[in-house]
Structures are given as structure tokens and as C-alpha cells.
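Lettering follows sequence order; numbering is per chain, from 1.
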Amino acid sequence: MSAVMISSRKVRKWEKLPGKNTFCCDGRVMMARQKGVFYLTLFLIIGTCALFFAFECPYLAVHLSAAIPVFAAVLFLFVIAMLLRTSFSDPGVLPRALPEEATFIEMEIEAANGNVPSGQRPPPRIRNVEINNQIVKLKYCYTCKIFRPPRASHCSICDNCVDRFDHHCPWVGNCVGKRNYRYFYLFTLSLSLLTIYIFTFDIVHVVMRSVDDGFLSTLKETPGTVLEVLVCFFTLWSVVGLTGFHTYLISLNQTTNEDIKGSWSGKNRVQNPYSHKNILKNCCEVLCGPTYPSVLDRRGLMHEDSPVSTSSAAPSSSSSLSFSNNSKAAPPTTKTRAPLIPNEHTPDDAEPGVAGPTERDDDDDDDDRPPSSFVPPLASPETDAEASAAKDHNR
Amino acid sequence: MKVFVQRDYSEGTVCRFQTKFPPELDNRIERNLLEETVKTLNSYYVEAEKIGGQSYLEGCLACATAYVIFLCMETRYEKVLRKITSYIQDQNEKIYAPRGLLITDPIERGMRVVSFKGAPDISSSSSGNQRIRGPRLRQLHPQQRHVVDGW
């Protein structure tokens with residue numbers, strides 16, 4: 001009798017995707033690896049709201065209006081929905097190039113560069129494209145083996161190229177990109193409203209109760225109020241500030257990444273080619289634009305006979321053409337030496353914290369980050385591969 | 001043989017593919033047929049990404065329901081993607097398969113390229129009486145189709 005075991009378990013494509021994401025619910029949920037800060041965010045929101053409903057709402061519903069807890073509940077549910085939507089959805093990850101496509105691009109690059117004498121550094125892999133009378137440079141991603149579309153960037157925490165990359169947010173445990181930016185914005189906006197709401201009614205409650213019972217006994221009766229006021233006070237400054245910042249970015253149709261790098265700062269007469277030059281139009285495009293589908297096929301089934309390539313996603317179609325290509329190692333067909341691929345150095349257990357992505361913190365911009373731990377640490381410019389690749393070239 | 005038609009970013013980040021004819025397909029297919037296919041695909045993507053009354057309505061309605069409505073409703077983009085898939089299948093059956101070529105839906109390649117797959121060119125074959133067979137037109141198993149989900 002044959003001892004060969006034929007596995008009949010269906011393998012979905014998310015199980016073989018490269019990159020440093022974690023998937024849950026059989027590929028329906030997609031997050032970054034480090035989720036600790038996300039759990040903290042959830043705990044703070046749910047905890048504070050629970051205290052509000054337990055201590056303040058009974059009194060306010062009776063003495064002021066029953067609409068107060070109802071509105072708070074609606075707002076709370078909206079905040080949680082937006083948070084989960086931001087955290088669990090695909091931010092707009094671009095799948096890595098399959099071997100044939102990567103080879104095709106390499107051949108195009110070689111043809112464009114011509115013959116580079118050995119020993120000489122090859123020119124950087126850049127494509128220029130004119131958008132709205134602006135020259136935009138498309139950079140080559142050595143990890144994903146593609147020329148990044150405009151506004152895309154490589155996140156080294158998640159090890160993916162993300163379309164319209166904004167930043168990697170540890171507080172939501174995911175990148176913020178084209179597909180989930182509006183949910184992220186609505187999350188910060190609704191959280192600001194919720195924080196202001198709870199803070200205001202905490203004060204109202206304390207004042208109203210103190211008139212009857214005195215200030216100290218009020219605090220003894222509702223000890224949760226002190227905790228809520230503390231949390232809300234610190235959250236207010238950071239979240240309201242962040243909402244204001246993103247409102248500014250949306251009105252100019254810019255991403256956080258572009259803002260940090262000063263891509264469209266106006267130096268050398270460079271202007272943002274993506275802006276409609278009209279605040280309303282920019283807002284409408286970002287917030288009410290089409291809902292882009294995920295191009296990362298997470299829940300599709302993989303063919304059982306397709307081998308897994310460790311260097312690329314390659315859920316190969318069943319044609320024999322791709323099969324033979326996959327069995328070889330990813331071909332280093334060019335003579336060009338790729339600069340260090342940053343993700344090799346990214347430690348798997350890097351704590352997000354305020355320090356952000358660890359090994360490339362030699363950039364001066366990091367010193368400007370405010371020390372408050374409640375300010376979401378934005379991904380530094382060195383989060384993506386291009387800056388470090390450029391540094392390697394300039395060395 | 002695989003040929004890739006790249007994205008055309010000259011109009012920004014909207015999804016658009018280059019209509020430039022790849023020289024590798026010179027003696028495989030007529031120029032105007034391929035250009036027509038790419039132009040039709042581009043027009044489909046323009047329709048999907050159009051920012052106007054309908055997209056605003058969809059966005060505002062979805063926001064008012066905290067985006068829960070997307071669990072039951074298909075977005076306009078997804079509807080257009082289905083139209084694109086059937087258009088590509090139709091083109092493959094009628095035009096490309098008889099010429100020994102096969103187009104892959106761009107969404108399978110992250111909307112980066114339109115890829116053409118074909119048998120090696122007859123003129124480059126070393127054995128003269130080798131029977132050239134075009135690629136079988138695979139009907140995709142329903143579960144193999146690209147699963148477009150709302151998240």
C-alpha cells in the first residue's frame with residue numbers, strides 16, 4: 001500500500017502571502033504583527049465609555065435628558081466600528097511581482113541602463129513620469145520587485161508596498177493607506193467628538209451634583225469620573241490635534257508621508273499634482289471617492305500542486321510555464337547589485353512604542369517628535385525602503 | 001512567452017494602461033485589436049473610479065450606516081470589476097485564444113499590468129514540424145476566481 005498521504009486541506013492564498021501581516025478569521029481580517037498598542041486603544045475607549053455609562057449616565061438621564069446616554073452610545077458604536085474597520089482591512093497592499101513580471105521589469109531596466117562596466121555602481125532605478133505638468137519619480141522597490149505607483153510607499157514594519165501610503169499607525173495596529181484612510185479619519189474625528197462629549201458631561205455632572213451634595217462627596221460617590229476626566233484630558237489634546245492635522249492634509253490632498261518628506265512643500269516650484277486646487281473637491285475625493293477593492297486575493301484558494309516560493313508570493317496559475325519558473329530561485333539576472341534590502345534587518349519583535357521603526361532612527365526628523373506618549377508615533381521617513389535605498393546610493 | 005502592458009500614470013493615480021503596442025506581439029495580433037481591448041479596459045476603470053453624484057451618494061449612505069451596508073451591498077467598483085472579468089473572458093474566447101494568446105485580468109496582478117501569455121513563436125521553434133498548440137482556454141474553477149471582499 002502506498003504510504004503517500006494526500007492532503008486535501010484547502011489552502012487559502014493568505015497563508016502563503018509574504019510580508020509581516022497577521023491574518024484572522026480565515027483571511028478576512030488583516031493586521032500588522034504588533035497588536036499590543038491596538039489592544040490598549042480598545043481598552044481605553046471601552047473602559048472609559050463603560051465608566052461613563054456606569055457613573056454619569058444614570059444621573060444625567062434622570063436630571064437632564066435621556067438623549068444623553070443614547071447619543072453617547074451611538075457615538076461609541078460608531079467609533080468602535082471605524083476603529084475595527086481601519087484595523088482589520090487591507091490598507092491597499094500591492095502584491096509582489098511574480099517571477100515573470102520581475103524578470104520582465106529587470107530586462108527593461110537593463111535595456112534602459114545599457115552596458116554598465118563592472119565595478120561601476122549602476123544608476124538608481126527610477127522612472128520619471130509627468131503628472132499634471134510635474135515630474136514625479138517612480139522608485140523601484142527591491143523587496144517587492146516593482147516600480148511603485150505614484151504615492152505608494154513600502155512599509156518596513158509590515159514589509160509591504162502600500163498604495164497611497166499615509167503612515168503606519170500602531171494605535172490601530174495597521175498601515176493607513178488608500179483603502180482605509182477615510183475610516184481612519186472618521187475614527188479620529190468621531191473619537192475627538194466622543195472625548196469632548198464625555199469630558200463635557202463629566203464636568204456638567206460634577207458641577208450639578210456638587211451643588212446638591214458637595215464636591216468631595218460627589219467624587220466619592222462616582223470615583224470613575226476622576227479617571228474619565230484624566231483619560232479624556234490627555235486624549236483630547238492628541239486626538240483633536242491629529243484630527244486637525246489630517247483635516248489639513250485632506251484639504252490639500254496630501255498624505256502624511258508626503259508632508260513629512262516635504263514632497264510638495266513648494267520648494268523649487270514643485271506643487272502637488274494630485275490636488276484639485278479646490279478644498280471641497282479634495283475633501284470629496286478623499287472621503288467620498290470610490291471604495292477601492294482589495295487587490296490582495298486573501299481568500300482565494302491556492303492550487304495544491306503549486307510550489308511555494310519563499311521569495312515571492314507566487315500563487316501560481318496551473319500552467320507549466322509558471323511552474324518551471326517557480327522551481328528556480330528568484331533569478332538575479334542583472335549584474336546590478338541591489339542595495340541592502342531593509343526588511344532583512346527589521347527585527348521581528350520590534351516594539352512599536354514611541355521609538356517607532358528602530359534601526360533607522362538616525363534621521364534628524366525623529367528628534368522633532370513630541371515626547372508625549374499619547375501622540376501616535378508616526379512612521380519615520382525611514383520606514384520605507386526608498387529613503388534607505390537612496391542613502392545607500394549616495395554613500 | 002509573457003508580455004506585460006504597464007500602467008500609464010500620466011493622468012495621475014487613476015487606473016489606466018498604456019495603449020502602446022508591445023513589439024513582442026507584432027506578428028501575433030493586429031494592432032488595432034489590442035489597442036481596442038486596452039482602451040475598453042481603460043474606459044471601464046474610468047467608469048469605476050468616477051467621482052460624481054453616484055459615488056458621493058454611495059459614500060454618504062455608507063458613512064451614515066457606519067459602513068455596515070457594504071456587508072449586504074455591492075459597491076459600484078465591484079460591479080464594474082465583474083463586467084471587466086466577463087469582458088476579458090469574452091475577448092479571450094473570440095479574439096486572443098484563436099491567435100494563441102491569453103489575457104490575464106489586471107486585478108490578478110495587483111492592477112499593475114495587463115499580461116499576455118502565449119505559446120512560443122512558431123518562427124523561433126528549433127524543430128520545424130513541431131505542432132504548435134495554443135494555451136488551453138481554462139475555465140476558472142469558481143473557487144479559484146479572485147475573491148473580492150469588502151474589507
Contact origin within A/Pro150 toward chain B - heavy atom pairs under 4.5 Å | both
Chain A contact via B/Glu49 - side chain, backbone, both or neither, heavy atoms under 4.5 Å | both
Taking all heavy atoms of B/Ala48 and all of B/Arg76, pick out the closest pair and write down the distance.
-> O-NH2, 3.8 Å
Let me know if B/Gln6 has heavy atoms under 4.5 Å from chain A in its side chain, its backbone, both or neither.
-> side chain
Backbone N or O of B/Arg16 within a donor-acceptor pair of the B/Asn42 side chain at under 3.5 Å?
-> no
Would you mind checking which part of A/Arg182 comes under 4.5 Å of any heavy atom in chain B, side chain (CB onward), backbone (N, CA, C, O), both or neither?
-> side chain
Separation of B/Leu33 CG from B/Lys94 NZ (nearest 0.5 Å) | 12.5 Å
Measure the acute angle between the ring planes of A/Phe184 and A/His246, then classify it against the limits of 30° and 60° as parallel, tilted or perpendicular.
-> perpendicular
Choice from A/Leu287, A/Asp163, A/Ile146, A/Val93 maximising heavy atom contacts with chain B below 4.5 Å = A/Ile146
Who wins among B/Ser115, B/Gly52, B/Cys63 for the most heavy-atom pairs under 4.5 Å with chain A?
-> B/Cys63
Sub-3.5 Å donor-acceptor pair from the side chain of A/Asn174 to the main-chain atoms of A/Ser87, do we have one?
-> yes
Residue part contacting chain B, namely of A/Glu130, when any heavy atom lies under 4.5 Å = backbone
